[in-house]
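Labels below follow one simple rule: chain letters A, B, ... track the order of the sequence lines, proteins then strands, and each chain is numbered from 1. Only this structure's heavy atoms are used, side chains among them; waters, hydrogens and symmetry mates stay out. It should be emphasised that the depicted structure is a prediction, and the values quoted were computed from it without experimental measurement.
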Amino acid sequence: MPAYWLMKSEPDECSIDDALAAPNKTVPWTGVRNYQARNFMWKQMQPGDGVLFYHSSCAEPGIYGLAEVVGAPYPDPTQFDPRSKYFDAKSSPEAPRWWLVDVQARRKTAPLLLTQMREDPKLDGLGVLLKGSRLSITPVSEAHWHYITTTLL
DNA sequence: GCCAACGTTGGC
DNA sequence: GCCAACGTTGGC
């Protein structure tokens with residue numbers, strides 16, 4: 001059974017346009033350094049899972065596209081690269097600390113802004129709307145996914 | 001740039 | 001294992 005996720009990306013780093021322009025429209029979801037978000041990618045995501053592609057830390061945060069999980073999780077290579085800002089000296093190839101999945105962009109959508117989502121009672125309980133939520137990857141219920149993808153986008 | 005909320009670190 | 005200090009996220 002497919003699962004659904006909302007994944008935040010800073011558009012300055014990787015926007016939905018960047019993902020669509022990438023080879024095979026696929027980007028490694030690099031740089032996650034939060035255990036809860038890592039565990040979603042490492043232990044729970046399956047190829048074919050649906051992804052709401054969210055732009056964060058920008059002028060108009062919101063959902064800007066649809067994507068899906070492809071392939072199996074593997075260690076984030078940036079954790080081993082001393083020049084990377086995601087380098088983690090406490091990790092090692094023998095015991096990688098940070099795992100990621102590849103995400104393939106499906107299409108860009110009309111923006112569904114955070115402000116709009118907050119006003120929609122049907123989206124009550126959506127992870128990204130919860131008070132103080134900073135988690136960069138949050139599960140999305142099938143009902144929310146269906147509503148967002150068929151009615152709002 | 002501010003700051004609330006949250007996660008992590010490390011001394012004890 | 002507690003918890004204060006610190007760092008980060010991310011909306012505004």
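Here B:dC6 presents its P atom at 12 Å from NZ of A:K8, a figure rounded to the nearest Å. What separates NE2 of A:H55 from C1' of C:dT9 is a distance of 17 Å, to the nearest Å. When the C1' atom of B:dT8 is taken as reference, atom CG of A:L135 falls 15 Å away, rounded to whole Å. Residue A:W98 contributes atom CH2, which lies 10 Å from atom C1' of B:dT8 at whole-angstrom precision. In this structure, A:Y86 places its OH atom 8 Å from P of C:dT9, rounding to the nearest Å. To the nearest angstrom, P of C:dT9 lies 9 Å from CG of A:N34. In this structure, CZ of A:R97 is placed 7 Å from P of B:dT9, rounded to the nearest angstrom. When rounded to the nearest whole Å, the span between CZ of A:R134 and P of B:dC3 equals 17 Å.
Looking at heavy atoms from C-beta onward, A:T30 lies out of side-chain contact with A:V32 at the 4.5 angstrom threshold.
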* Which is it for A:D120 and A:K122 under the salt bridge (charged side-chain N to carboxylate O under 4.0 Å, His left out) test, yes or no, and what are the steps along the way? -> CA-CA 5 Å; A:D120 192 334; A:K122 288 200 174 66; 5.4 Å; no
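Side-chain proximity of A:K90 to C:dG10, B:dG10, B:dG7: nearest is B:dG10. Of the candidate nucleotides C:dG11, B:dT9, C:dG10, C:dG11 has the atom nearest to the side chain of A:Y54. Distances were taken from every side-chain heavy atom of A:K131 (C-beta onward) to each of B:dA5, B:dG7, C:dG11; the shortest belongs to B:dA5.
The one candidate from A:W5, A:Y64, A:W29 that meets the ring pair (Phe, Tyr, Trp, His ring centres under 6.0 Å) condition with A:F53 is A:W29.
Checked by atom type and distance alone, the side chain of A:Q79 pairs as donor or acceptor with a backbone atom of A:R97 at under 3.5 Å.
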